[in-house]
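Let me begin by presenting the structure, written as structure tokens, before commenting on it.
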Amino acid sequence: MSFDRRIYNFAAGPATLPSEVLEQARDELLNWQGLGASVMEISHRSKEFMAVYEKTLADLRELMRIPNDYEILLLQGGGIGQNAAIPMNLMPLAKKPKADFVVTGIWSEKSVKEAQKYGEAHIAASSQAQGFRSIPDQRTWTLSEDAAYVHICANETIGGVEFAGFPKLGKTPLVADISSNILSKAMNVSECGVLFAGAQKNIGPAGVTIVIVRKDLMGHAMPITPSIWDWAKEAANQSMFNTPPTFPIYVSGLVFEWIKRQGGVEEMERRSQLKSNMLYELIDGSSLYENRVDPMCRSRTNVTFFLKDEGLNAEFLEQSSAAGLAALRGHKAAGGMRASIYNAMPIAGVETLVEFMREFERRA
Ligand code: PMP
């Protein structure tokens, strides 16, 4: 299929970017800041790139209201990399290497598997037996006295399950995987010890991972920790212990400026609520579509749904993509459909999808 315009892209990540940002990156690609070179072609240590880097961090700090006792690291290796880095950096805080996990889907499950290489990964609660459709009530969690931290996935991208807020834990630091809901709503950073996210969903292109760490949690890494994932070493080197992903950092910076122009995180939250409500209302009112997630923890950024007549799946995907509504197939581990509606998905995109789904049901 070929299009002469931009489609509405519901991909889970890499995901759609604001057209305005792509246009700006295009316009300044060949001759950035009058240097006669692209931002991709200059030293990461040049004063021009360092200025972008500093501004990017300052804008993120402002947008997320990140307190000064938290370090922001821009690393490589994605959320998957942090699944290893987190136990290596934090488990030594406990007498013997151990952490608690709340398992609410495939991403938190992956975090458990990786952490097991470095210490004990205790499953404090899991919704696996119920098919990952809800978040276990905090009163049922079996938290350990001797865990270095508690890990949650704030938004399960595949299942479409989201924590409404961070659980209150007392003294054990909370580690939150915010890969798929960073900057989509106001978050109280000080309720967490560590937050991490890849850029390729709510922010920019793949290749840069944001790790926000309370400063007292740095400097305890296991000796085996690769230097590029030792948070204290990275912090001491302005996240440039090795060559950083300069282009993704630059585009992420443009997206932060775009979010600020739109009205900040509060406006992103308002839009995300509006967009997800539109879809859930349609799904709940329909006799063809269904969402299987507990309404208390439905994701605002990844709306999953099934066609009750699965025989219509192929037709649904074919017709939606012909209409310029791309990438609605659910993750292969979950089946069904998924509309990922991150910050850069316009409200008009969701309106078009809702209209298409209504029309498809009418014809079915
Ligand atoms: N956590 C969550 C919630 C995710 O959605 C993803 C990516 N889909 C990851 C972790 C892994 O991120 P990456 O591919 O950047 O390593």
Side-chain angles (χ1 to χ4, degrees), residues 9-17 73-89 99 101-117 121 126-128 132-133 135 149-164 166 174-185 187 192 194-212 226 228-229 239 244-245 247-249 251-252 255 272 276 293 297-304 327-334 338-345:
N9 175 9
F10 294 92
T16 194
L17 272 124
L73 304 172
L74 302 181
L75 306 180
Q76 295 182 66
I80 295 285
Q82 288 307 306
N83 277 345
I86 291 161
M88 284 191 276
N89 278 273
F101 290 79
V102 179
V103 179
T104 50
I106 285 161
W107 290 109
S108 39
E109 215 171 35
K110 274 192 206 280
S111 302
V112 170
K113 288 213 180 83
E114 194 68 23
Q116 280 167 342
K117 296 180 184 170
S126 171
S127 59
Q128 191 201 15
F132 292 138
R133 294 176 187 195
I135 292 172
Y149 61 93
V150 178
H151 179 117
I152 64 161
C153 178
N155 184 71
E156 288 282 357
T157 320
I158 294 175
V161 174
E162 184 177 24
F163 278 78
F166 295 127
L174 177 67
V175 171
D177 178 352
I178 54 168
S179 292
S180 43
N181 63 357
I182 185 171
L183 290 167
S184 73
K185 66 173 179 182
M187 291 182 182
C192 300
V194 178
L195 303 102
F196 68 101
Q200 70 272 22
K201 299 172 194 296
N202 263 307
I203 303 174
V208 60
T209 316
I210 292 161
V211 184
I212 303 164
I228 56 155
W229 284 339
S239 300
F247 191 71
I249 291 174
V251 178
S252 298
V255 173
S272 138
S276 54
V293 177
C297 38
R298 285 171 163 181
S299 169
R300 294 160 307 110
T301 47
N302 306 99
V303 175
T304 52
L328 289 164
R329 187 194 300 277
H331 190 278
K332 62 182 183 312
R338 171 177 54 175
S340 294
I341 47 174
Y342 303 123
N343 287 340
M345 171 56 66

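For ligands, and for the atoms within them, numbers begin at 1 and follow the listed sequence. Please read all numbers here as calculations on a predicted model, not as lab measurements.
Trp229 places no side-chain N or O within donor-acceptor distance of the main-chain N or O of Ile86, the cut-off being under 3.5 Å.
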**Q.** Val255 and Asn343: CA distance, side-chain angles, deciding distance, side-chain contact (heavy atoms from CB on, under 4.5 Å) verdict
**A.** CA-CA 10 Å; Val255 173; Asn343 287 340; over 6 Å; no
Q. Could you walk me through whether Phe166 and Ile152 pass the side-chain contact (heavy atoms from CB on, under 4.5 Å) check?
A. CA-CA 9 Å; Phe166 295 127; Ile152 64 161; 4.2 Å; yes
Q | Full working for side-chain contact (heavy atoms from CB on, under 4.5 Å) between Tyr342 and Leu183 | A | CA-CA 9 Å; Tyr342 303 123; Leu183 290 167; over 6 Å; no
Q: Evaluate the criterion side chain to side chain donor-acceptor pair (under 3.5 Å) for residue pair Ser299 and Asn155; output intermediate values, then yes/no.
A: CA-CA 7 Å; Ser299 169; Asn155 184 71; 2.8 Å; yes
Q) Under the side chain to side chain donor-acceptor pair (under 3.5 Å) criterion, do Ser276 and Arg298 qualify, and how do the steps go? A) CA-CA 9 Å; Ser276 54; Arg298 285 171 163 181; over 6 Å; no
Q: Apply the test side chain to side chain donor-acceptor pair (under 3.5 Å) to residues Ser108 and Glu156: give CA-CA distance (whole Å), side-chain angles for both, the deciding distance (0.1 Å), then the verdict.
A: CA-CA 8 Å; Ser108 39; Glu156 288 282 357; 2.5 Å; yes
Q. Which is it for Ile158 and Trp107 under the side-chain contact (heavy atoms from CB on, under 4.5 Å) test, yes or no, and what are the steps along the way?
A. CA-CA 8 Å; Ile158 294 175; Trp107 290 109; 3.5 Å; yes
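Residue-ligand proximity, Cys153 to ligand 1, at heavy-atom distances under 4.0 Å covers atoms 3 (C). When each atom of ligand 1 is checked for a heavy atom of Asp177 under 4.0 Å away, the hits are 1 (N), 2 (C), 3 (C), 10 (C). When each atom of ligand 1 is checked for a heavy atom of Gly79 under 4.0 Å away, the hits are 12 (O), 13 (P), 15 (O), 16 (O). Within ligand 1, the atoms closer than 4.0 Å to a non-hydrogen atom of Ser179 are 1 (N), 2 (C), 3 (C), 4 (C), 10 (C), numbered from 1 in the order shown. For ligand 1, the atoms lying closer than 4.0 Å to a non-hydrogen atom of Gln200 are 13 (P), 14 (O), 15 (O).
For ligand 1, none of its N or O atoms has an N or O atom of Gly81 under 3.5 Å away. Taking any N or O of Ile80, backbone or side chain, at least one lies under 3.5 Å from an N or O belonging to ligand 1.
Around atom 5 (O) of ligand 1, the closest heavy atom drawn from Thr157, Thr209, Asn155 belongs to Thr157.
Looking at atom 11 (C) of ligand 1, its nearest protein heavy atom turns out to be Trp107 CZ3, 3.5 Å.
The proximity of Lys201 to ligand 1, defined as any non-hydrogen pair under 4.0 Å, is limited to the side chain. At a heavy-atom cutoff of 4.0 Å, ligand 1 is contacted by no atom of Ala206, backbone or side chain. Under 4.0 angstrom from ligand 1, there are no non-hydrogen atoms of Lys110.
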